[in-house]
2 protein chains.
Amino acid sequence: MPPGPRHTLSPAELATWEAFLRAHASIMRRLEQDLAAHDLTLSDYDVLVQLVQAPDRRLRPVELSRAVLLTRSGITRLVAGLERHGLVERIPAPGDRRGQLVTLTAAGLERIRAAGRTHGRGIRELFADRLDAGELERLRATLERLPADPAGSPAPATGGDLGGGAPGPG
Amino acid sequence: MPPGPRHTLSPAELATWEAFLRAHASIMRRLEQDLAAHDLTLSDYDVLVQLVQAPDRRLRPVELSRAVLLTRSGITRLVAGLERHGLVERIPAPGDRRGQLVTLTAAGLERIRAAGRTHGRGIRELFADRLDAGELERLRATLERLPADPAGSPAPATGGDLGGGAPGPG
DNA sequence: CGGAGATCGTTGCGCGCGCAACGGAGTCCT
DNA sequence: AGGACTCCGTTGCGCGCGCAACGATCTCCG
């Protein structure tokens, strides 16, 4: 009974898969701890990064939810927290009375810059600096053959709010 | 001002890092959905797998917490859920009146076998089958150069319960 | 033996987040 | 104009999980 699609993972496959999980878990935990020193979660960080990169440093919540791995409701509450801490402000969106614009404050800019240095250093220590140029490039090529879908199944154009959902990679 | 340790991530580094995050997020979401069809979370699955592999298919909760990415309190509640669904039983641990043994029931065994097929197929589709043997081996070698620490900083032998914590990779 | 300290499982609390549903507002089509 | 969809941000609810603290128990050592 030669090859054909197996129904078990080979030891090599299993070992690689486990190394993948292990590496991700360890790195993320460390990065999370690092950001905690700046009083930020990883999601906070992602959102603030989107804001610094945005034109005029302002974005609609729904755009944030598309750019980051969070639903609209998650964004609502996260932004509320950032606002309480004075890192962002919410102003009514010009030309759309439903929505608002989330804008980065000076304090927010300072915070994300400081956190960004920490975060960048962490990624280098835990990830980038451990791989040489060739390894890095091969890793990228390999990873890009794995799934990178933004969300679950696409949405049929049904009724109300239903839809493919917000969470896409960050 | 030639090389020296930079303070920014190069575009190549950033792209690889992002591919890493993206791949992990997409794959995990899919695997989670697959397991939901068996009414299990990823943590449920991990715990059940530990049990099938254990001698006599029974383990102490504290051993589960060491084997899996969960604290003792997480294990308590997760096992309570599994017990409610009849997948495990808890019996007093012989020789240690503090603790118990979590044992897999027939239903639990059946469930983990079915879920295991689904899960294995998912990992193959999303991960293993997308890489050829050489790629897989190189990926494993690369990933094993990244952190794989079980927990945060090691614990000084202080007082009471404090300690490096339970969560180790799963 | 007895006491100090460590370990086990549990529990109260809080956080982060998704899902579903809502009212208000925009858009499109007749 | 007006009705039907669609989209926006918010909110109530529930889940999963860590942290810290507790009582019960085990262990080690004088």
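Remember, predicted model here, so these are calculated numbers, not experimental data.
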Contacts satisfying salt bridge (Lys or Arg N to Asp or Glu O under 4.0 Å) that involve residues 101-122 of chain A (not counting sequence neighbours) are none
Look at the side chain of A/Val62 and decide which nucleotide, out of C/dC17, D/dC8, D/dT10, has an atom nearest to it.
D/dC8
When the rotation axes relating C1' atoms of four end pairs to the next four are compared across the helix from C/dC1-D/dG30 to C/dT30-D/dA1, five pairs an end, they differ to 10° by 20°
Considering only heavy atoms, which members of residues 48-58 of chain B lie under 4.0 Å from some atom of DNA chain C?
none
For the side chain of A/His38 and the backbone of A/Asp34, is there at least one donor-acceptor N/O pair under 3.5 Å apart?
no
Flag the pair A/Arg140 and A/Glu137 as a salt bridge only when some basic side-chain nitrogen lies within less than 4.0 angstrom of an acidic carboxylate oxygen.
yes
Tell me: CD of A/Glu83 to P of D/dG9, nearest whole Å?
14 Å
Would you say A/Ser43 reaches C/dC17's phosphate, i.e. side-chain N/O to OP1/OP2 under 4.0 Å?
yes
Protein-nucleotide distance (A/Leu42, atom CG; D/dC17, atom P), rounded to Å:
17 Å
Ignoring hydrogens and angles, tell me if any N or O in the side chain of A/Thr105 forms a donor-acceptor pair with the backbone of A/Gly86 under 3.5 Å.
yes
I need the residues from residues 84-93 of chain B with at least one non-hydrogen atom less than 4.0 Å from DNA chain C; give them sorted by number, or say none.
B/Arg90
Does anything in residues 94-103 of chain B form a salt bridge (Lys or Arg N to Asp or Glu O under 4.0 Å)? List the pairs, not counting sequence neighbours.
B/Arg60-B/Asp96, B/Asp96-B/Arg98
Just how far, in rounded Å, is C1' of D/dC15 from CG of B/Leu78?
12 Å
Tell me the interatomic distance from A/Glu63, atom CD, to D/dG9, atom C1', rounded to whole angstroms.
14 Å
Look for any protein N or O under 3.5 Å of an N or O in nucleotides 23-29 of chain C and output each such pair with its distance, or none.
unit_1, atom_1, unit_2, atom_2, d
C/dG26, OP1, A/Arg97, N, 2.8

Test of understanding: with salt bridge (charged side-chain N to carboxylate O under 4.0 Å, His left out), list the residues that count as partners of B/Arg138, not counting sequence neighbours.
none
In whole angstroms, the gap separating P of C/dG18 from CG of A/Leu69 amounts to 7 Å
Can you find a side-chain donor-acceptor pair between A/Asp44 and A/Thr41 that sits under 3.5 Å?
yes
Quick one: B/Ile75 CD1 to C/dG9 C1', roughly how many Å, whole number?
11 Å
Protein-nucleotide distance (B/Leu40, atom CG; D/dC15, atom P), rounded to Å:
16 Å
List the residues meeting salt bridge (charged side-chain N to carboxylate O under 4.0 Å, His left out) with B/Glu83, not counting sequence neighbours, and say none if there are none.
B/Arg90
Identify the pairs formed between an N or O of the protein and an N or O of nucleotides 11-13 of chain D at a distance under 3.5 Å, and give each distance.
unit_1, atom_1, unit_2, atom_2, d
D/dG12, O6, A/Arg77, NH1, 3.3
D/dG12, O6, A/Arg77, NH2, 3.1

Heavy atoms, side chains only, cut-off 4.5 Å: are A/Ile27 and B/His24 in contact?
no
Show which residues join A/Val62 in its hydrophobic cluster (side-chain heavy-atom contacts under 4.5 Å, direct or indirect), or state none.
none
Among residues at least two apart in sequence or on other chains, which ones pass salt bridge (charged side-chain N to carboxylate O under 4.0 Å, His left out) with B/Arg58?
none
Using a side-chain heavy atom cutoff under 4.5 Å and only I, L, V, M, F, W and Y, what cluster partners does A/Leu101 have?
A/Ile91
Rounding to an integer number of Å, can you tell me how far B/Leu70 CG sits from C/dT10 C1'?
15 Å
